[in-house]
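Report on the following structure.
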Amino acid sequence: MSASLSSVPTQLFVGSAQQCVQQSMQLLKRSFCTQQKKQSTFARLSGYCSCVQCQMLAAKQHPFVVWLCPERDYRVDDLDVIFARTALMLEPGQHFFFILEQAQQLTPATANRLLKVLEEPPPGYYFFLYTSNEQAVLPTIRSRALVIRLAPDAVVLQHPLLDFFTTPAKRDDAFGFEAVLREHKFSPTQATEFAQLLFEQMSGKLRQAYVNKRALHEGEVAFARQAVEFLQEVLKRPPQPGGADIFLKMLFLTFPR
């Protein structure tokens, strides 16, 4: 999708960390880059710009952008910078951005503190939230954001493991699944994206069934509904560092049949 600032001040980017950064950087450069009209074709296509504004953005040192990236869960005092800054009125036409990485690590306490400012920030203030696991983000946060689902990692989108979940004849082939898993390694982020992709595919089947009741027979609809409910719970517990293989094995063994 092309990048443009939305009238909704809070945007939740769902994808890998790299995808989220790339998408939000496009938006930031549209607000701050001083060389957009003078850039060469190569610069526009590559996203590279040597202007001072873009270099500050790349270094995460721009005075009108605050990056928050907790090591673990967000703490209430991590958010003090947001309220200190939004207490200041911007000049007409100015933009200020807060980028919250790992949005799934917002706790109920930190989310509750943010709700009002996410929904109705002062004029000119924007919030970009990143996550690779949409289902793990608190519903109160999701409901106040424009959710932008970025394309899955190509490695995930075309991975042969998908067949063991989407092809009925392969759903009981544990030996085949184990062999493919040994051959193709996932990172924790890719394992989460894999489960998210499955969730979206099964949700799509349910939507298709509601729109066209003849599109799927009753058994397929029941299976898709079970899978969606199952994956919603799975995505609340993403894999820990080094735990991608165990996560995927459990996903396969406990996936609805």
Side-chain angles (χ1 to χ4, degrees), residues 1 11-17 19-20 23 102-105 129-143 145-181 183-240 243-257:
M1 60 175 292
Q11 301 186 33
L12 174 63
F13 297 103
V14 181
S16 67
Q19 289 173 318
C20 293
Q23 184 73 8
Q102 306 293 341
Q104 71 276 7
Q105 292 177 203
L129 282 64
Y130 297 170
T131 185
S132 60
N133 186 352
E134 182 181 349
Q135 297 306 309
V137 178
L138 291 169
T140 51
I141 296 293
R142 280 185 275 146
S143 67
L146 173 66
V147 179
I148 300 174
R149 298 178 182 90
L150 305 174
D153 188 310
V155 172
V156 174
L157 190 61
Q158 302 172 6
H159 205 283
L161 277 187
L162 275 173
D163 288 343
F164 293 92
F165 296 88
T166 58
T167 304
K170 286 193 170 186
R171 286 181 191 146
D172 293 316
D173 184 6
F175 291 108
F177 179 88
E178 184 80 24
V180 174
L181 186 60
E183 185 179 352
H184 301 272
K185 291 297 182 181
F186 276 80
S187 68
T189 297
Q190 288 175 330
T192 302
E193 289 180 354
F194 183 90
Q196 181 73 40
L197 178 61
L198 273 178
F199 174 80
E200 291 171 3
Q201 288 187 348
M202 294 301 166
S203 298
K205 283 191 174 184
L206 277 184
R207 289 192 295 270
Q208 181 185 20
Y210 292 136
V211 172
N212 181 2
K213 294 184 178 180
R214 295 182 180 180
L216 298 172
H217 63 64
E218 192 172 318
E220 289 178 303
V221 173
F223 168 73
R225 185 178 293 111
Q226 285 181 324
V228 166
E229 293 173 356
F230 169 79
L231 289 163
Q232 281 179 321
E233 294 302 313
V234 166
L235 285 164
K236 293 176 183 178
R237 301 180 298 276
Q240 299 301 309
D245 280 5
I246 294 174
F247 175 84
L248 290 168
K249 286 178 183 178
M250 293 304 299
L251 180 67
F252 175 74
L253 292 173
T254 56
F255 196 72
R257 296 301 197 265

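What you are looking at is a predicted structure, and each value in this text was computed from that prediction instead of being measured.
The cationic atom of R149 (NZ for Lys, CZ for Arg) does not lie both less than 6.0 Å from the six-membered ring centre of F199 and within 45° of the ring axis.
Looking at residues two or more places apart in sequence or on another chain, you find a side chain to side chain contact (heavy atoms under 4.5 Å, CB included) between V234 and F230, F247, L251. Partners of D173 according to the side chain to side chain donor-acceptor pair (under 3.5 Å) rule, which considers only residues two or more places apart in sequence or in another chain, do not exist here.
The minimum heavy-atom distance linking A244 with A191 is given by the pair CB-CB, 4.0 Å. The two residues A136 and L235 have their closest heavy-atom pair at CB-O, 3.5 Å. Between M202 and A227, the shortest heavy-atom distance links the atoms CG-CB, 3.7 Å.
By the 4.5 Å heavy-atom criterion applied to side chains, Q11 and L129 are not counted as neighbours. L231 places a side-chain heavy atom less than 4.5 Å from the side chain of F255. Within the 4.5 Å cutoff, the side chain of T167 has no heavy atoms near those of the L162 side chain. By the 4.5 Å heavy-atom criterion applied to side chains, E178 and K249 are counted as neighbours. Counting only heavy atoms from C-beta outward, the side chains of L12 and R142 approach each other to under 4.5 Å. With contacts defined as side-chain heavy-atom distances shorter than 4.5 Å, the pair L150/I148 qualifies. S132 has its side chain out of reach of Q196: every pair of non-hydrogen atoms, C-beta onward, lies at least 4.5 Å apart. F177 is not listed as a side-chain neighbour of K170, based on a closest heavy-atom distance of 4.5 Å or more.
R171 places a side-chain N or O within donor-acceptor distance of the main-chain N or O of F165, the cut-off being under 3.5 Å. Side-chain N or O atoms of R257 include none that pairs as donor or acceptor with a backbone N or O of D172 at under 3.5 Å. Judged by distance alone, with hydrogens and angles left aside, the side-chain atoms of E229 form no donor-acceptor pair with the main-chain N or O of Q226 at under 3.5 Å.
Ring pair Y130/F13 is perpendicular by interplanar angle, where above 60° counts as perpendicular and below 30° as parallel.
Between the OG1 atom of T192 and the CG atom of L197 there is a distance of 12.5 Å, given to the nearest 0.5 Å. Separating the CD atom in Q135 from the CD atom in Q232 is a distance of 5.5 Å, to the nearest 0.5 Å. For the atom pair CG (L161) and CD (E183), the distance works out to 10.0 Å, reported to the nearest 0.5 Å.
Judged purely by distance below 3.5 Å, without hydrogens or angles, the side chains of Q104 and T131 pair a donor atom with an acceptor atom.
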